[in-house]
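These notes are about the structure you will find just below.
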Amino acid sequence: MNPQYDADVIVIGSGALGSNAAYELAKLGRSVIMLEAGSRIPRWKIVENFRTSSRKSNFNDPYPNEPWAHTSYDPDYIENTGSFNFKPGMLKLVGGTTWHWAAACWRYLPNDMKLKTLYGVGRDWPIEYSELEPYYQRAEEALGVSGNGDEDQSGQAGKPWPPRSRPYPLPPEATTYMNQRLNERLAKEGYHYIHEPNGRVTRPYDGRPACCGNNNCMPVCPIGAMYSGDMHATHAEKAGVKLLTESTAYKLEKGAGGRIVAVHYKKPTGEDIRITARYFVVAAHGLETPKLLLISGVANSSDQVGRNLMDHTGIGLTMIADEPLWPGRGAVQQGGIFNWRDGDFRKQHSAVKHSMANAVPNLAVTNRLLHKGVVGPELDERIRHDAARWVDVGTVFEMLPEAGNRVTPSDKKDALGIPMLRVNYDVGDYTKAGKVIAKQDYAKFAKILNAEVIEDETGWQNRDHIMGSVIMGSDAKDSVVNSECRTFDHDNLFLATTGVIPASGVINPTLTGVALSIRIADTIHREL
Amino acid sequence: MHVPPAPSPADAPSSPSRRRLIVSASLVAAGAALLPWSRMAYAQSPAQASPAELAGFLALSCLLTSRPHLDAALSQRVFVALADGDRNFGFKVRSLADALGRAGITDMKAFKDSAVDKDPDSKALVVLIVSAWYHGYTGTPKSLTSVDDTRFITYTEALMFAPTRDVTVIPTYARAGTDYWAHPPASIATD
Ligand SMILES: Cc1cc2nc3c(=O)[nH]c(=O)nc-3n(C[C@H](O)[C@H](O)[C@H](O)COP(=O)(O)OP(=O)(O)OC[C@H]3O[C@@H](n4cnc5c(N)ncnc54)[C@H](O)[C@@H]3O)c2cc1C
Ligand code: SF4
């Protein structure tokens, strides 16, 4: 370690993205300090917290919500000023939000990255798919992704796509009986059901046991079959990374020549500490990362920090099908319908993805029946009948980056005196046009399954995928980071977050974020 | 913590009809237990609830959920949670038990379209009590916030899981090995 600095690299945030970047750097022999705002909690405690929670559908609930490290559902944490109540699930503890993700691990398509060129809307990525491909592979190996490499994941029933240099690290799990039946019936009407590559291992891998269908991926996998960021936080520590918990970064300090020289962090005990490094990686989640830049007054010569905020804002459909399908056997989700993932229609309306949930539906089923006043012997009969036939479709839409959709520091402060978040978010016309298409699909799904529709007007829903908030581009005037995830304004400041993603597509963004984080580690290593 | 019952080995088909017969027979006894309690003076706060009142609530819960047995400790948790914030809860419960007695309901098969079913306040109370047992919590969860009025009662004993116990899981617990889900449950033909 260079004696002039506390470390070669300081990584802020120990989520999947920060921990993977830190681990790669440590493996390459670099000295790394990783700051984490939250505490370290063992898995068994989270599982017990879940089992004794009265809010089983609230995925933040089993996790610590501290006055100095809030979960996103704390009433004071995010103040909304737009038409939509933007409240993504988000956690602050070692490992971050992937503790309660669903581990969908998609790659973007080459076309997703050329949205402007091909379809005349939104923005292009400043890099091509082929540049990202080797990093996708490394990210899949890090996360232990199980997938089917033989499918056309663009949903057009063509050749295997997107291209891959090597097979998925693990074979896919068996298709659930429910999805076999849905495939059969929907395929006849031209819907292409695609398996979802996922971070649930199908055989022992990297110290993790094979998934055995405990059906609790959200909010916590009890056995650690599903990937979560704490796994690489631990790997990083074993590789020599110094992980400092309950340490919240609140200021990036600028020095000569536009370089960042130090980070200041606070602890719940009141300590206020300054540490130095040659390089800095902010990996503090898609909302907290832009906030940290804004309160530090860095990286914002473009005025784009915090703007262009995108989620895959969605809608849902719930039905009772005409045959027993038995959702709830296996993991909480397994795949979906991708007909509208890519095509010329993207000139007019957003891409659309429908996923079929496979969560044990008893709570929703029972709640509905009790609301209808069903009691007595009929209640048990109806629970069994409806639970067997419950079809829950979650739909997501592609968003376009819009400057007015924005996260900024709020006037409210947490227990450390650090501002919390204000979000302004409206759903744009491109996405609204996609919703019209999705609703047509809903009507067809209900018809094909001869189903009783329980709910098909949910209103817009959060999908917890934060993109665009520190947007990547080729021009320093309209973007925060370049194609390397390096801030245009500060040579030694990199952002490891899904917030860099400039074109959202419809796929969950974390695998891409991890791929970019590993790439950041390579770039920094070359320069150190 | 409750240790969850071991899952049945390979999707053994249930026999709901036989199970229900047993339930009905034992409910006659449960219904009888309501009578002395319904004439009882009622405590002012859940903390003061007497053993007899709690026994009465347990018997009422058995009747309303069509269960021969329910856990007495859980019953007390349900009672305390529902009574918290509703000083009249004990009185309402006693009135409900009286009404069920007057209507001669000793089995929930006789509940539908009865005078109690048709009385909105009584029906709401029935649903409130049944909901606590089925959901395993009281109150109404609110989404996207960490603050609501819910109270935890039980997870693995929540009655909503019982009707599907032979087919799916209580999430976080396993039922069989990797890929068991490729096959339909044994009961599929009769589901
Ligand atoms: C319910 C749910 C399901 C999801 N499912 C999927 C899915 O299937 N597939 C998918 O791709 N994505 C999914 N996501 C999204 C996924 O969880 C995120 O994309 C992912 O967690 C982002 O990782 P991250 O490392 O950038 O941020 P996080 O995981 O949030 O980690 C950031 C870390 O930084 C810490 N931190 C924040 N601020 C500071 C600070 N100032 N100083 C120090 N530390 C700080 C935090 O405490 C946290 O630990 C889901 C999200 C939710 C809520
Ligand atoms: S289904 Fe169960 S074992 Fe598999 S990943 Fe999800 S929670 Fe873990």
Side-chain angles (χ1 to χ4, degrees), chain A residues 47-48 50-58 60-61 65 71 73-75 85 87 173-178 180 202-203 210-216 220 222-223 324 326-330 332 358-360 362-363 365-367 370-371 373 375-381 383-385 387-388 462, chain B residues 1 16 20 23-24 64-66 107-112 117 123-124 126-127 130-131 134-139 141-148 150-153 155-156 158-164 167-185 187-188 191:
Chain A
V47 175
E48 288 308 302
F50 167 78
R51 288 174 175 162
T52 56
S53 165
S54 57
R55 308 175 185 99
K56 294 277 189 310
S57 312
N58 179 330
N60 282 352
D61 203 53
N65 178 21
T71 75
Y73 295 159
D74 189 275
N85 187 25
K87 284 270 166 82
E173 75 285 5
T175 307
T176 61
Y177 172 74
M178 173 175 86
Q180 294 169 33
T202 45
R203 54 175 157 71
C211 165
C212 59
N214 304 43
N215 201 257
N216 206 62
V220 60
I223 62 171
W326 284 114
R329 294 162 62 87
V332 299
N358 189 44
V360 169
N362 292 39
L363 181 53
V365 166
T366 307
N367 202 27
L370 287 166
H371 266 112
V375 291
E378 200 192 339
L379 181 57
D380 282 353
E381 281 158 26
I383 290 175
R384 187 173 175 99
H385 175 275
N462 285 281
Chain B
M1 272 314 299
R20 218 155 276 134
V23 169
S24 320
L64 296 181
T65 59
S66 304
D107 184 321
M108 285 301 275
K109 277 185 194 150
F111 182 79
K112 203 166 186 173
D117 189 15
K123 178 65 186 278
V126 168
V127 171
V130 172
S131 295
Y134 271 74
H135 287 152
Y137 61 79
T138 62
K142 279 202 227 159
S143 50
L144 310 183
T145 176
S146 55
V147 185
D148 61 28
T150 58
R151 305 255 310 244
F152 174 71
I153 306 292
Y155 182 40
T156 53
L159 299 183
M160 65 177 173
F161 292 120
T164 57
V167 182
T168 50
V169 295
I170 297 177
T172 71
Y173 299 102
R175 85 167 295 110
T178 308
D179 287 351
Y180 86 88
W181 46 82
H183 309 287
S187 58
I188 194 81
D191 284 331

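So you know, we letter chains A, B, ... as the sequences are listed, proteins then strands, and number each from 1.
Here the CG-CD1 distance, from A:N216 to B:I170, works out to 11.5 Å after rounding to the nearest 0.5 Å. The distance from the OG1 atom of B:T178 to the CZ atom of A:R203 is 11.5 Å, given to the nearest 0.5 Å. From B:L144, atom CG reaches atom CG of A:N462 across 5.5 Å, with rounding to the nearest 0.5 Å. Distance check: B:Y173 OH to A:C212 SG gives 13.5 Å after rounding to the nearest 0.5 Å. Rounding to the nearest 0.5 Å gives a distance of 8.5 Å between CG of B:D179 and SG of A:C211. Atom CZ of B:F161 is separated from atom CD1 of A:I383 by 10.0 Å, given to the nearest 0.5 angstrom.
Proximity to chain B (any heavy atom under 4.5 Å) is shown, for A:P324, by both the backbone and the side chain. Both the backbone and the side chain of B:S131 come within less than 4.5 Å of a heavy atom in chain A. Heavy atoms of A:A210 lying under 4.5 Å from chain B belong to its backbone as well as its side chain. Proximity to chain B (any heavy atom under 4.5 Å) is shown, for A:D74, by both the backbone and the side chain. Of the atoms belonging to A:T202, it is backbone heavy atoms, and not side-chain ones, that fall under 4.5 Å from chain B. Residue contact with chain B, scored on non-hydrogen atoms closer than 4.5 Å, involves the side chain of A:N65 exclusively. Contact annotation for A:N358: neither backbone nor side-chain heavy atoms come within less than 4.5 Å of a heavy atom of chain B. Residue contact with chain A, scored on non-hydrogen atoms closer than 4.5 Å, involves the side chain of B:F111 exclusively.
Between chain A and the options B:P141, B:A182, B:A124, B:S143, heavy-atom pairs under 4.5 Å are most frequent for B:A182. Heavy-atom pairs under 4.5 Å with chain B peak, among A:M178, A:K87, A:H385, at A:K87. The most heavy-atom pairs under 4.5 Å with chain A, out of B:T138, B:L159, B:V127, B:D117, come from B:V127. If you tally non-hydrogen atom pairs under 4.5 Å between each of A:T71, A:T176, A:V332, A:D61 and chain B, the highest count goes to A:T176.
Residues forming a side-chain contact (heavy atoms from CB on, under 4.5 Å) with A:T175 (at least two apart in sequence, or on another chain): A:N179, A:Q180, A:N183, A:Q334. A search for salt bridge (charged side-chain N to carboxylate O under 4.0 Å, His left out) contacts involving B:K112 returns A:E378, not counting sequence neighbours.
You'll find the side chain of B:V130 reaches within 4.5 Å of the side chain of A:L370, heavy atoms only. Under the 4.5 Å side-chain criterion, counting only non-hydrogen atoms from C-beta, A:R384 is in contact with B:V167. Side-chain atoms of A:L379 and B:M108, non-hydrogen and from C-beta on, never get closer than 4.5 Å to each other. In this structure the side chain of A:L363 reaches within 4.5 angstrom of the side chain of B:Y137, judged on heavy atoms.
Under the 3.5 Å distance criterion, with hydrogens and angles disregarded, a donor-acceptor pair is assigned to the side chains of A:W326 and B:D191. For the residue pair A:D380 and B:S66, no side-chain donor N or O sits within less than 3.5 Å of a side-chain acceptor on the partner.
Residues A:V360 and B:T168 approach most closely at CG2-CB, 4.3 Å, considering heavy atoms. For B:Y180 against A:R329, the heavy-atom pair with the smallest separation is OH-CA, 3.5 Å. Of all heavy-atom pairs spanning B:P171 and A:N215, the tightest one is CB-O, 3.4 Å. The two residues B:F152 and A:T52 have their closest heavy-atom pair at CG-O, 3.2 Å. Nearest heavy-atom pair across A:S54 and B:T150 is OG-OG1, 2.6 Å. Here the shortest heavy-atom pairing between B:Y155 and A:R51 reads CB-O, 3.2 Å.
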task = Go through the steps for A:V375 and B:K123 under the test side-chain contact (heavy atoms from CB on, under 4.5 Å), then give the verdict.
result = CA-CA 10 Å; A:V375 291; B:K123 178 65 186 278; 4.3 Å; yes
